[in-house]
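Given the structure is predicted, the values throughout are model-derived calculations rather than measurements.
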Amino acid sequence: MAADEGGLPPAGLDEQGLPQVIDQVALARLYGEPLFAMPTDLYIPPDALEVFLETFEGPLDLLLYLIRKQNFNILDIPLADVTRQYLAYVDQIRKTNLELASDYLLMAAMLIEIKSRMLLPPKKSPEGEEVEDPRAELVRRLIEYEQMKLAAAKLDQLPLMGRDFLRVEIHNDPSVHVRHPDVALSDLREAWMDILQRARLNKHHIISREELSVREFMSQVLRTLQGRRFVEFEELFDISRGPQVMVVTFIAMLELARERLLEVTQAEAFAPIYVRLAYQPA
C-alpha cells in the first residue's frame, strides 16, 4: 500500500494498511471480531466444493434425456452425437462416484457396439431378408421406459393420502347410549308447584261441579306424547282449565309412570324436565 508524500498511510487506513472500523465496513466477522482482510493461510478441503450434475434414475433415463433435449427422432437416433455427449457425462461422474459410473459404462459400451455394427456393411439372413437395425432393441427399451416414466408421473399427480390430504376417522360405538340422570322427587314437586302457582294467577271465581276421570286423562296424555320424541313437562298441563284439571292430569301422569308407559327425564340438575313414551307404538 503506497503512502502519501509525508510518509503517512492514506486516509481511512491504519499503519498496516487495513481499513479502520470507523470508516470502512469489515469484510466479515469471526467470533464477533471484525475481519478486514482474507487470511493467507486459509485451508479449503478438497471435498468442500462439490458440483452437482443433473441427476438421472439410470442409463436409460440419461439417454432419453439427451435424445429429447435435442429433439432427435427416437426411431432414428444419431448414435455418434448421442454417444459423445453420453461419454462426456460419464467422465464427470467417474471423478466423483466410480461405483455409480459402472452402470453408465455398461450402456456406453452398448452404444459403441451398436455404432460399430452400423459401420459394417449390412448382411442378409439366410432366408434373404434384411437384418434388423442394430438400434431396434435400444429403441424398444427407450420407448417402453418413456411410457413407464410418463405413467409414473401421472400417478404421482394423483392426490395421495398423507401428502395431499388426511383421512378423518370417527369411531362411533352404537352400543353406547346417553343415559340421562334420574329425576328426583323434589325436582318433580318443584316443577308441579310452579305450574300450580301460575294456574292460580289465571283462575276465575266460578264455582262448578265437574266429574273428572283419571283414565280419560291418561289417554289424553298418551295422545299428546304420541309421535313426539320429548315433551316438556309444562306442556302437559292446561292452566286455563283450573287447578282441578291440572291435579287430575298430574295424577294421570304419575299413574302412567307407575305402569311404565312413560318416562320422566332430565339432562342435568336444575334443567327442564321432559316426558316421553316408554314404548314405540306400532
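- Tracing side-chain contacts under 4.5 Å through hydrophobic residues (I, L, V, M, F, W, Y), one never reaches Ile112 starting from Val82; they form parts of separate clusters.
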Step by step, would you call Arg189 with Ser186 a side chain to side chain contact (heavy atoms under 4.5 Å, CB included)?
CA-CA 5 Å; Arg189 183 176 63 253; Ser186 58; 3.8 Å; yes
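- Annotation: salt bridge (Lys or Arg N to Asp or Glu O under 4.0 Å) contacts of Glu255 (sequence neighbours excluded): Arg258.
- Rounding to the nearest 0.5 Å places OG1 of Thr83 at 11.5 Å from CE of Met110.
- Annotation for Ser213 and Val248: closest pair O-CG1, 4.0 Å, computed over non-hydrogen atoms.
- Checking each of Glu216, Arg215, Arg223 against Ser219 for a side-chain contact (heavy atoms from CB on, under 4.5 Å) leaves exactly one that passes, namely Arg223.
- Minimum interatomic distance between Ala278 and Arg260 (heavy atoms only, all atoms of both residues): CB-O, 3.6 Å.
- Distance check: Leu64 CG to Lys69 NZ gives 13.5 Å after rounding to the nearest 0.5 Å.
- In this structure, Gln266 and Pro272 approach most closely via the heavy-atom pair CG-O, 3.8 Å.
- At least one side-chain heavy atom of Asp194 sits under 4.5 Å from a side-chain heavy atom of Glu234.
- Rounding to the nearest 0.5 Å places CG of Leu138 at 4.5 Å from CD1 of Ile114.
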Please step through side chain to side chain contact (heavy atoms under 4.5 Å, CB included) for the pair Leu66 and Asp81, ending with a clear verdict.
CA-CA 10 Å; Leu66 295 175; Asp81 296 338; over 6 Å; no
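- Both Phe72 and Leu62 belong to a single network of hydrophobic side chains, linked directly or stepwise wherever heavy atoms of I, L, V, M, F, W or Y lie under 4.5 Å apart.
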Evaluation steps, side chain to side chain contact (heavy atoms under 4.5 Å, CB included), between Phe233 and Ile195
CA-CA 10 Å; Phe233 177 74; Ile195 296 175; 3.7 Å; yes
Criterion side chain to side chain contact (heavy atoms under 4.5 Å, CB included) on Met107 and Val90, from CA distance to verdict:
CA-CA 10 Å; Met107 177 61 71; Val90 173; over 6 Å; no
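- Considering every non-hydrogen atom in both Asp187 and Ile273, the closest pair reads O-CD1, 3.8 Å.
- The 12-atom threshold is exceeded at CE of Met118, counting heavy atoms of other residues, nucleotides or ligands nearer than 6.0 Å.
- Using a 4.5 Å cut-off between side-chain heavy atoms of Ile, Leu, Val, Met, Phe, Trp and Tyr, with links allowed through other members, Leu60 and Met148 fall into different hydrophobic clusters.
- Checking side-chain atoms of Asp156 against main-chain N and O of Ala152 turns up no donor-acceptor pair under 3.5 Å.
- The minimum heavy-atom distance linking Arg276 with Leu225 is given by the pair C-CD1, 4.2 Å.
- Note: Tyr89 OH to Leu63 CG = 12.5 Å, rounded to the nearest 0.5 Å.
- Salt-bridge annotation for Arg140 and Glu137: present, with a side-chain N of the basic residue lying under 4.0 Å from a carboxylate O of the acidic one.
- For the atom pair CG of Leu111 and CG of Leu106, the computed distance is 10.0 Å after rounding to the nearest 0.5 Å.
- In this structure, the side chains of Val275 and Glu235 stay at 4.5 Å or more apart for every pair of heavy atoms.
- For residues 241-263, every residue pair satisfying the ring pair (Phe, Tyr, Trp, His ring centres under 6.0 Å) rule, not counting sequence neighbours, is listed here: Trp192-Phe250.
- Separation of atoms NZ (Lys115) and CZ (Arg135) is listed at 8.0 Å; rounding is to 0.5 Å.
- When all heavy atoms are compared, the tightest approach of Leu188 to Met253 is CD1-CE, 4.4 Å.
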